[in-house]
Colleague: 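Provided herewith is a single structure, encoded as structure tokens, for subsequent inquiry.
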Protein chains: 2
Amino acid sequence: MNANIKEIAKRANVSIATVSRALSGQNNVREETKKHILKIARQLNYNPNLLARNFVKGKSNIIGLILPDISDEFFSEIIKSIDDTSFISGYFTMVISSHKNRSLVESINTMMNSGIAGGFILLVPFMNSEIEKALKSERVPFVIISGDSELGDYDIITIDNYNAAYNAVKFLADNGYKKIAHIAGPDENNDAALRREGFLNACTKLKLETKKSWIVKADFTLESGERAANLILKQKERPEVIFAANDMTAIGCYNAASKLGLKIPDDIAIIGFDDVLISQYVSPPLTTIKVDTETIGKTAAEKLIQKMTQTEKLKPQTIKISTELVIRNSC
Amino acid sequence: MNANIKEIAKRANVSIATVSRALSGQNNVREETKKHILKIARQLNYNPNLLARNFVKGKSNIIGLILPDISDEFFSEIIKSIDDTSFISGYFTMVISSHKNRSLVESINTMMNSGIAGGFILLVPFMNSEIEKALKSERVPFVIISGDSELGDYDIITIDNYNAAYNAVKFLADNGYKKIAHIAGPDENNDAALRREGFLNACTKLKLETKKSWIVKADFTLESGERAANLILKQKERPEVIFAANDMTAIGCYNAASKLGLKIPDDIAIIGFDDVLISQYVSPPLTTIKVDTETIGKTAAEKLIQKMTQTEKLKPQTIKISTELVIRNSC
DNA sequence: AATCATTATGTAAACGTTTACATTCAATTA
DNA sequence: TAATTGAATGTAAACGTTTACATAATGATT
């Protein structure tokens, strides 16, 4: 059985109100009394009942984290970063992933209405009217982590996909590449769409050669990358470099190249996106664009906590997290 | 503002007790009344206040998940699997990772004493007296996921490290290998210790040749694996195969072999442990031991929920999750 | 010494649920 | 018909905390 403030009050010979004040670090309690109370609390190994506290305060110090149905490196780092940041400000992180048994909308509704979370962070690759509707009540504050900064009038933390892609292509141009292909991600994924847009605009602006048959869609998996690379590399005219929408796709290109007897980067150069762990270990190490997951998580948590603590409503804000080109040996 | 049972009671012209009973699906309420109440609840878009419910029931439907300070593939899969399983039984998953700002012991204490979690799952690679002490109160039920099944008198979900290692060596023996080396994990890591023990016993039993200089310690990282492999492969007498304590170490061996001009598996064969994502993509694909993270998470969550729901105290149980040899081309 | 301002402490209500116990009402039995 | 049972519903307390308001104690100012 855990001790409670009533018990402490009895032993310290004061009222529960004084105990509450002493323990929650308020200043309107005599130094001596405070010390006495704290001592007894320590003796009893007292821990405040957070459920009671959250309940009576009408708000929770739990931050919900809604994840879509995928598990990858990216998420475990985001989770960690959010948990780190939340903890420092006295919050807990609750994970609620969506999957066959629970839809994203259901997760949002739970976070929004059960009172269990004081705010939440929503990771979504896309937006639709169902989600939009679930978010409308705004009963508890939230922020969104997404590849798309144009989802609507929300607080959004986003990767600067467009500029990252643009600059990657610029880097390739600066290094003398002229003929460039792209393996895109799934259509409905906003990160993918923006990377593709950045690629296309850079090609036009920088006068690089590309063509329809060099732009192949894949779905972020290694296998789809290999398939797509095959389609590109078996054409009569071959590009000098492939810009893959993510690292796994890029590694798929490695496989395709290897099977076709093409040397990287001499016969075909490759650049990826994400900088996943493997990228530095493939051979040759993959040049890619590093996404700073730690900053993303940290920024999202900080923004959310800001919203949770301040009363006046601020205008929704989009924060773009910049990326970094990691130059290795694949181009 | 969320509706509450008081409001529903008023509109339905019944007492809050009846509303509570109707909503929590108890049978001692007239069918007609129940329907009426549910209808009004739906109209008001009522969601029970989980904080209040948990608080008054004196137990929480939140499952805490305490993670050590590492982020890898393994964890994100475990988290997902636990969350999946918990959700089906009506529980939430709260992640609390340990790191520079918060020690493992502190995490345990929070879970144990704040009332915020009704139970927790502890992932620990080792046990010490501090942790032991924190666990002693047993104020809330918990289970442990660990490589060591001999941590103490706890409910433990564990990988069958010893037998997995033993069988891996047996597999090598069956395939004609006679001279075998081992790159071990850190001393204080129990998974590592058991794998090493399985290796040693198998060598003795199956009369395989190994020696002290062929057993080198590393720390589960790729770099340490490369270093260790170098120490082994540069000796006058070279083993035929290296059993690495985990896949990352094994991939370190790949690097060392490649730099020494040794062909895998002809000059030196390699076997790993874990079956991380990369393993199937390195060249040649790595033969390794697959750890079924999904089953681990599921089993842990189910065991915990069982403990949380039943009153009588059962004898602590150790559940060993078996592994599976994934034969690829590295030996 | 009397008044006022300030600080410390106490009293009691409030948060939204669940649930033990009490009550009512109708149906069944003697 | 009276007594008994059982189901449906109501009443009110309880959970542990915070906090508005009331009161008491202290110190400062006249």
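Each chain gets a letter, A, B and so on, in the order the sequences are listed, and its residues count up from 1. Side chains included, hydrogens not; waters and symmetry mates left out as well; all remaining heavy atoms used. What you are looking at is a predicted structure, and each value in this text was computed from that prediction instead of being measured.
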Colleague: May I have the distance from A:Lys59 (atom NZ) to D:dT19 (atom C1'), rounded to whole angstrom?
Modeller: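 Whole-Å distance recorded here is 13 Å.
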Colleague: Please give, in whole Å, the distance from C:dG16 C1' to A:Leu51 CG?
Modeller: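 Interatomic distance, CG of A:Leu51 to C1' of C:dG16: 13 Å.
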Colleague: Could you state the atom-to-atom distance from CG of A:Asn28 to P of D:dT23 in whole Å?
Modeller: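 Checked: the CG to P distance equals 19 Å.
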Colleague: Quickly work out the B:Glu31 CD to D:dA8 P distance and round it to whole Å.
Modeller: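 One finds 10 Å between P of D:dA8 and CD of B:Glu31, rounded.
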Colleague: Just by distance, with hydrogens left out, do B:Thr18 and B:Ser15 show a side-chain donor and acceptor under 3.5 Å apart?
Modeller: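 Looking only at side-chain atoms, B:Ser15 and B:Thr18 do form a donor-acceptor pair, the distance falling under 3.5 Å.
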Colleague: Look at the side-chain N and O atoms of A:Thr18 and state whether any lies under 4.0 Å from the OP1 or OP2 oxygen of C:dG10.
Modeller: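 Yes, within the criterion.
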Colleague: Hey, is B:Phe55 stacking on C:dT17? Ring centres under 5.5 Å, planes under 30°.
Modeller: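 Given the distance and angle limits, no, they do not stack.
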Colleague: Given D:dT17, C:dA20, C:dG16, which nucleotide is nearest the side-chain atoms of B:Asn49?
Modeller: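 That would be C:dG16.
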Colleague: D:dT9 P sits how many Å from B:Arg21 CZ, rounded?
Modeller: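 After rounding, the reported distance stands at 9 Å.
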Colleague: Compare side-chain N and O positions of A:Ser20 against OP1 and OP2 of D:dT17 and report whether any pair is under 4.0 Å apart.
Modeller: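 It does not, given that no N or O in the side chain of A:Ser20 lies less than 4.0 Å from OP1 or OP2 of D:dT17.
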Colleague: For a quick check under 3.5 Å, do B:Arg21 and B:Asn28 share a side-chain donor-acceptor pair by atom type?
Modeller: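 There is no such pair between these side chains.
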Colleague: Return the 5'-most residue of the pair B:Ser15, B:Ala52 with respect to DNA chain D, ranking by each residue's nearest nucleotide.
Modeller: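 Checking each residue's closest nucleotide, the 5'-ward one belongs to B:Ser15.
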Colleague: Can you tell which of C:dG10, D:dG16, D:dG10 lies closest to the side chain of A:Val14?
Modeller: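 Nearest nucleotide to the side chain: C:dG10.
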Colleague: Among the candidates C:dA8, D:dT19, D:dT9, find the nucleotide nearest to the side-chain atoms of A:Thr33.
Modeller: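 Output: C:dA8.
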Colleague: Ignoring backbone atoms, establish whether B:Tyr46 has a side-chain N or O less than 4.0 Å from OP1 or OP2 of C:dG16.
Modeller: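 For C:dG16, neither OP1 nor OP2 has a side-chain N or O of B:Tyr46 closer than 4.0 Å.
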Colleague: C:dT19 C1' sits how many Å from B:Asn54 CG, rounded?
Modeller: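 Going from B:Asn54 (CG) to C:dT19 (C1'), I get 16 Å.
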Colleague: Applying side chain to side chain contact (heavy atoms under 4.5 Å, CB included), run through A:Met94 and A:Phe120 and close with a yes or a no.
Modeller: CA-CA 9 Å; A:Met94 181 144 107; A:Phe120 63 93; over 6 Å; no
Colleague: What is the distance, to the nearest angstrom, from the CZ atom on B:Arg30 to the P atom on D:dA7?
Modeller: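 Answer to the nearest Å: 15 Å.
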Colleague: Could you go through A:Lys303 and A:Gln317, starting from their C-alpha distance and side-chain angles, then the distance that decides it, and tell me whether this counts as side chain to side chain contact (heavy atoms under 4.5 Å, CB included)?
Modeller: CA-CA 9 Å; A:Lys303 180 71 191 170; A:Gln317 195 183 1; 2.7 Å; yes
Colleague: OG/B:Ser97 to CG/A:Asp84 distance, rounded to the nearest 0.5 angstrom?
Modeller: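 Spacing of OG (B:Ser97) from CG (A:Asp84) equals 5.5 Å.
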Colleague: Nearest to the side chain of A:Ile16, heavy atoms from C-beta on, is which of C:dT19, C:dA12, C:dG16?
Modeller: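 Selected nucleotide: C:dA12.
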Colleague: What nucleotide, of D:dT19, D:dG10, C:dA8, holds the atom closest to the side chain of A:Ala17?
Modeller: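 That would be D:dT19.
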Colleague: Between atom CD1 in A:Ile5 and atom P in D:dT19, what is the gap in whole Å?
Modeller: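 Answer to the nearest Å: 11 Å.
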Colleague: Taking the side chain of B:Val56 as its heavy atoms from C-beta onward, which of D:dT19, C:dT9, C:dG16 lies nearest to it?
Modeller: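 So the side chain of B:Val56 is nearest to C:dG16.
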